[in-house]
Amino acid sequence: MNQPFSGCILRPFREILISELGQENLSLLLEKAGLPSAWANVNQETSNDDQTAAEMYAGLQKALRTYYGRGVRGILQRSGSFLWRRLLEGAPLNLRIHAAVMRKLPLPNRPKAALQLLASLLNPHPGNVTVHTLDLDLLLSDHASPGAPPGSASEPICFVTLGLLHECLF
């Protein structure tokens, strides 16, 4: 993993997974995946190191995908929806103001502003998450997401990000 990742996403993501699945279930799931079961302990401190946080974030998602298969989509999307609210609560004042102003914009002007806000929340370093305007379509490119497996697909790759997008836009 050579792309930076914001560790501020990891803690709320773990808390959401623990509340959704239960600490004991998540711990067992992690053990079966060969990952430290301590990751399911909400009291365990997360590393401030972006590399370690990225590995933990990706490991949690991979363990869930391995255990639940295609059924994990709903869990991860719901986690992304809850994560949106948590990220906004912990965001700097200027981003919370951006969110409040965005809600007052006319409907046609909200999507781009919402995606730019999401990019700012996900973006630990400039340029890793960008919003592009393609004619009338918008594209959010998350170049740093450790939760997305290598490759590409015709459907969403990171369902947590899809949940974040859905909650952000709607």
Side-chain angles (χ1 to χ4, degrees), residues 1-20 42 45-62 64-65 72-170:
M1 174 101 21
N2 49 12
Q3 293 287 344
F5 173 74
S6 177
C8 68
I9 295 171
L10 178 62
R11 184 170 181 80
F13 178 68
R14 277 188 351 163
E15 291 170 354
I16 290 164
L17 286 181
I18 291 167
S19 70
E20 284 287 301
V42 75
E45 282 300 310
T46 56
S47 172
N48 292 335
D49 174 26
D50 287 349
Q51 176 72 26
T52 306
E55 289 171 2
M56 190 180 223
Y57 182 76
L60 286 166
Q61 286 196 41
K62 183 177 181 182
L64 288 168
R65 280 194 303 272
V72 79
R73 292 176 182 185
I75 294 168
L76 292 176
Q77 279 186 255
R78 196 169 43 256
S79 297
S81 293
F82 295 143
L83 186 57
W84 168 253
R85 294 182 200 116
R86 297 263 185 103
L87 289 177
L88 268 183
E89 288 169 3
L93 181 61
N94 65 329
L95 294 180
R96 289 195 310 253
I97 291 170
H98 181 124
V101 169
M102 177 191 73
R103 288 186 201 110
K104 303 291 184 194
L105 292 173
L107 282 176
N109 297 345
R110 284 187 201 166
K112 185 169 184 180
L115 290 178
Q116 288 171 331
L117 174 61
L118 178 59
S120 298
L121 290 170
L122 293 176
N123 192 4
H125 305 282
N128 287 336
V129 183
T130 54
V131 177
H132 304 280
T133 304
L134 303 171
D135 296 325
L136 298 176
D137 296 325
L138 293 169
L139 174 70
L140 179 101
S141 296
D142 185 358
H143 305 284
S145 179
S152 62
S154 59
E155 59 185 41
I157 296 173
C158 181
F159 290 99
V160 175
T161 304
L162 183 62
L164 279 164
L165 283 166
H166 186 270
E167 197 66 25
C168 161
L169 292 170
F170 302 106

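All figures in this text were calculated on a predicted structure; none of them were measured in a lab.
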What are the two closest heavy atoms between [X] and [Y], and how far apart are they?
X: Ala114; Y: Met102; value: CA-SD, 3.0 Å
X: Tyr57; Y: Ile9; value: CE1-CG2, 4.1 Å
X: Leu88; Y: Leu121; value: CD2-CD1, 4.1 Å

Sub-4.5 Å side-chain heavy-atom contact between [X] and [Y]:
X: His166; Y: Gln77; result: no
X: Gln61; Y: Cys158; result: yes
X: Phe159; Y: Val72; result: no
X: Leu164; Y: Leu87; result: yes
X: Leu117; Y: Cys168; result: no
X: Phe82; Y: Leu17; result: no
X: Leu169; Y: Leu118; result: no

When rounded to the nearest 0.5 angstrom, what is the spacing between [atom1] in [X] and [atom2] in [Y]?
X: Leu64; Y: Glu20; atom1: CG; atom2: CD; value: 10.5 Å
X: Arg65; Y: Leu60; atom1: CZ; atom2: CG; value: 10.5 Å
X: Ser81; Y: Leu76; atom1: OG; atom2: CG; value: 11.0 Å
X: Leu83; Y: Glu167; atom1: CG; atom2: CD; value: 10.5 Å

Legend entry - Note: Glu15-Arg86 ion pair, threshold 4.0 Å (strictly below): yes
Legend entry - side chain to side chain contact (heavy atoms under 4.5 Å, CB included) partners for Arg110, two or more places apart: Leu105, Leu107
Inset, instruction - Output, in order, the C-alpha distance, side-chain angles, deciding distance and verdict of side-chain contact (heavy atoms from CB on, under 4.5 Å) for Met56 and Arg14. - result: CA-CA 9 Å; Met56 190 180 223; Arg14 277 188 351 163; 3.4 Å; yes
